[in-house]
Amino acid sequence: VGAVTKQTLFPPLMPAGRPFRVSNASRSSRKGIVASSLQELISKTLDAFLISAGIITLVLEEDGTVVDTEEFFRSLDDNTHFMVLEKGQKWTQTRNGVATVRQKKKMGVANITFDLYKLNPKDFIGCLNIKATFYEIYSVSYDIKCMGAKSILRKVLQLMSHAAQITGQFLLYTGTYMLQLM
């Protein structure tokens, strides 16, 4: 009777949080997380790695064993290394503590990118950056800047002024040539 009364009056305390280490699938980022249950570890991992999908798998980093039950989670030691895998990601073995990263072989001659951006919200059109990469070795980049309506208008007026000067010179030379001919 005393045990039943004790459980009713004083519910069992939440187990203290234990420290764990969690890394992403590429092992490029590691976070230390303190959790007392598997569900708490999963929710804190989602927050720490800014994962919004919500569907993840926790595996042991050393051998890729999936941790999906609370009993197995409680049997693990403190400072256990976990790896968080999102949908489509798989655990890979490390070689001498460094993960082997396989990159797809890209086949292509050139890659051209166009970036349109504004340096200032008051810019009229903005800036255009054109970047071309050939055979993934050589890269060429060019920036076209259109800063404001005043500068664009000024450039257009300068262009029209030069065109008027050239037209005037052409008419003068044509007129003097026609005068000499007559």
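Residue numbers start at 1 and run along the sequence shown.
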Polar side chain donor-acceptor pair, Glu70 to Ser37, under 3.5 angstrom: no
Check for me, please, whether Phe82 and Leu85 land in the same ILVMFWY cluster - side-chain distances under 4.5 Å, paths through other members count. no
For a side chain to side chain contact (heavy atoms under 4.5 Å, CB included) check, start with the C-alpha distance between Ser141 and Asn129, then their side-chain angles and the critical distance, and finish with the verdict. CA-CA 7 Å; Ser141 179; Asn129 182 334; 3.2 Å; yes
hydrophobic_cluster_shared for Leu159 and Ile166, side chain cutoff 4.5 Å: no
Would you find a donor on one side and an acceptor on the other, under 3.5 Å apart, between the side chain of Trp91 and the backbone of Val59? no
Do Ser139 and Lys131 come close enough that some side-chain heavy atom pair is under 4.5 Å? yes
Would the distance check show the side chain of Arg18 and the main-chain N or O of Leu76 forming a donor-acceptor pair, the cut-off being under 3.5 Å? yes
Are side-chain heavy atoms of Thr80 and Leu60 found at a separation under 4.5 Å? yes
Here the gap from Ile56 atom CD1 to Lys87 atom NZ, rounded to the nearest 0.5 Å, amounts to 14.5 Å
Same cluster (ILVMFWY, side-chain, under 4.5 Å), Leu116 and Phe114: yes
Check Glu61 with Arg27, please: is the shortest side-chain N to carboxylate O separation under 4.0 Å? yes
Do Leu128 and Ile130 come close enough that some side-chain heavy atom pair is under 4.5 Å? yes
Identify the heavy atoms of Arg30 and Ser23 that sit nearest to each other, and give their distance. CG-CB, 3.8 Å
With the side chain counted from C-beta on, respond yes when Leu58 and Ile42 share a heavy-atom pair under 4.5 Å apart, and no when they do not. yes
Heavy atoms of Ser43 and Glu40 approach each other most closely as OG-O, 3.0 Å
Side-chain touch Glu86/Ile51, heavy atoms, less than 4.5 angstrom: yes
Do Ser28 and Asn24 get their side chains close enough for a donor-acceptor pair, meaning under 3.5 Å? yes
Would you say the side chain of Phe72 lies within less than 4.5 Å of the side chain of Asp68, judging by non-hydrogen atoms? no
With rounding to the nearest 0.5 Å, note down the distance linking OG1 in Thr57 to NZ in Lys90. 12.0 Å
Quick one, Phe73 with Leu41, criterion side chain to side chain contact (heavy atoms under 4.5 Å, CB included). Give me CA distance, side-chain angles, the key distance, then yes/no. CA-CA 10 Å; Phe73 174 76; Leu41 180 66; 3.6 Å; yes
Spacing of CG belonging to Asp63 relative to CE belonging to Met83, to within rounding of 0.5 Å: 10.5 Å
Report the C-alpha separation of Tyr177 and Leu181 in whole Å, then their side-chain angles, then the decisive distance to 0.1 Å, and conclude whether the side chain to side chain contact (heavy atoms under 4.5 Å, CB included) test is met. CA-CA 6 Å; Tyr177 179 73; Leu181 254 164; 3.4 Å; yes
Please check: side-chain N/O of Gln169 versus main-chain N/O of Gln165, any donor-acceptor pairing under 3.5 Å? no
Non-hydrogen atoms of Gln89 and Ala25 that approach each other most closely: OE1-CB, 3.4 Å
For the backbone of Phe49 and the side chain of Lys31, can you confirm whether one donor and one acceptor N or O come within less than 3.5 Å of each other? no
Can any side-chain N or O of Ser161 pair as donor or acceptor with the backbone N or O of Leu157 at less than 3.5 Å? no
